[in-house]
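Just below is one structure, and these are the notes that go with it.
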Amino acid sequence: MSEHFLDRIDHWGSVCPGRIAVQSGSNTLTWSSLIQKSNALAAWLHHELASTPGPIAVHGHKEPEMLVAFLASVKCGRAYVPMDTSIPEHRIAKIVAGSGAALVLTPERVSEILMHSADALPAPPSRVQMDDPFYMLFTSGSTGEPKGVVITLRNLTAFTDWLLAEHKFEPQVEVFLNQAPFSFDLSVMDLYGSLLTGGTLACVTKEELANLKLLYQRLTQFGLTTWVSTPSFAQMCLIEKSFRQEMLPTMRRFLFCGETLAPETASQLLERFPSAEVWNTYGPTEATVATTSVRVDVALLERFSPLPVGYQMPGTRVLAVDDAGVPVADSERGELLIAGPNVSPGYLNRPDLTAKAFTQFEGQPAYRTGDWGRCRDGLVFFEGRMDGQIKLHGYRIELGDMEANLRELSEVADAVVLPVEKGGKVDSLAAFVVLSAPMDGSDFEKSARLKARLGERIPTYMVPRKFLFLGAFPMTPNGKADRRALAAMLS
Ligand code: AMP
């Protein structure tokens, strides 16, 4: 029998006990502390929760205790549900209720428990097994309700086995950049890349993100070897002229996922970081982080613009299919379908949504991505969305999510949200609003009021930048709000 996933992580606690496992702001945790604390917390959780069912919701930002809580949950046989502090209370409440969480842990609560609980509690009898949920991530849902993607240990193992085989990370050497909050599946790439190789997870916090001088200072101090971020984040860093190999001399590779990697971004990175590789990877949360990857070198840049998203991971299939789910010919456009051991069993407690998107393909679990794409010579190309899902600065957002939340406000009779594009990319969002009753104040004041109200329900990154107030929406012949006519008002 192969070694349990968690033993592969715990192993580093004895091999490199003093090495930093995670650093975030001024806080660090060594490998021995991480393992010891997660064992102690797992024992406490088991003792405390006994047979109460449900996962453990973990609410915080980038604190080292987040990792303690994640590992402790799976060590006592329960999945964890990461929830970043950028998510407003109203939505946190929905996630906690929707996940059926047995308990909500915060970093402060973790420290408190560890301070007061004796180490002597017995270890939990069972850990998460291959087909048990390992984590659940809540993503934007088109009806305004966040939907929980269940990822099993089998899914995660399929992804991490491939990640480790492809990148040949050097044990006890790598320092991984953690840019994405833990509630986004991109973070799984750096988190488990690091935990499985005795690495160091170097987290950038929201305070550092909001202060560029501080951010570059931190990036310089980390000693990064492996960069994991959205292309948007790297693009932002490239604005700084000194963002180059001299600033980050140990940088070996840039791993991107989550949105289109522009050829210009890749070529600038190759030029500024001659010792580093650049990789484009693609995949949705529902298929565990990424399912295709390709190294972007000068030869690839000369051959393709836009860039391909990569070759399928061994043991999986990525195909373009037609409406009936039948594969189309090579080079033809279709909906990208992913089949393989990394495909989630579905959305938590939502058989309706699961039945719509999840299927089987040649005996393997499969997911219809809703992405347009095509496959040519073994390479997969992404060609946009088929629906109202967008990526804004790397964040996955359903336009319907914001519309539903806007309509829930008493001030709003109807709402349509549209992406505003710049240079072929979504740059911001615009909300068209029909008010339910006249509202005092200028349009600026009205926008500010609605933004504040909406910000109580959805994360700040989802709140539209621009609000336009209309007496009524232009209609299509079949009586729907005419989105094209509304989009024309933006140009
Ligand atoms: P998420 O679940 O947040 O990872 O978002 C998944 C979606 O992001 C995919 O279905 C695509 O629409 C988009 N996406 C992911 N990776 C890439 C990529 N490398 N290039 C373009 N779009 C991507």
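Both ligands and their constituent atoms are indexed starting at 1 by order of listing.
Atoms of ligand 1 found under 4.0 Å from any heavy atom of Thr285, numbered from 1 in the order shown, are 1 (P), 2 (O), 3 (O), 4 (O). Heavy-atom contacts of Gly283 reach the following atoms of ligand 1: 4 (O), 6 (C), 15 (C), 16 (N) (cutoff under 4.0 Å). Atoms of ligand 1 lying under 4.0 Å from any heavy atom of Asp185, numbered from 1 in the order shown and given with element: 4 (O). Interface atoms of ligand 1 facing Val309, defined by a heavy-atom separation under 4.0 Å, are 18 (C), 19 (N), 20 (N). Short contacts between ligand 1 and Thr281, defined as distances under 4.0 Å to a heavy atom of the residue, involve ligand atoms 16 (N), 18 (C), 19 (N). With ligand atoms numbered from 1 in the order given, ligand 1 contributes 20 (N), 21 (C), 22 (N) to contacts under 4.0 Å with heavy atoms of Thr260.
The option with the heavy atom closest to atom 9 (C) of ligand 1, from among Asp371, Asp387, Thr292, is Asp371.
For the ring-ring contact (aromatic ring centres under 6.0 Å, His included) condition, the pairs that include at least one residue of residues 287-342, sequence neighbours left out, are Phe304-Phe381.
Atom CZ of Phe254 sits about 9.0 Å away from atom CG of Leu224, to the nearest 0.5 Å.
Residue Asp161 forms a side chain to side chain contact (heavy atoms under 4.5 Å, CB included) with just one option from Thr157, Leu164, Leu163, and that option is Thr157. Shown are His393, Gln268, Lys425; of these, the side-chain hydrogen bond (donor to acceptor under 3.5 Å, both in side chains) with Gln235 is made only by Lys425.
When side chains are defined from C-beta on, Leu34 does not count as touching Ile9, because their heavy atoms never get closer than 4.5 Å.
Taking Tyr367 as the reference, Phe358 meet the ring-ring contact (aromatic ring centres under 6.0 Å, His included) condition, with sequence neighbours excluded.
Looking at Glu259 against ligand 1, only its backbone comes within 4.0 Å, counting heavy atoms.
Between Gly258 and ligand 1, a contact under 3.5 Å exists for at least one N or O pair. For the pair Tyr282 and ligand 1, the shortest N or O to N or O distance does not fall below 3.5 Å. Residue Lys391 has at least one N or O atom closer than 3.5 Å to an N or O atom of ligand 1.
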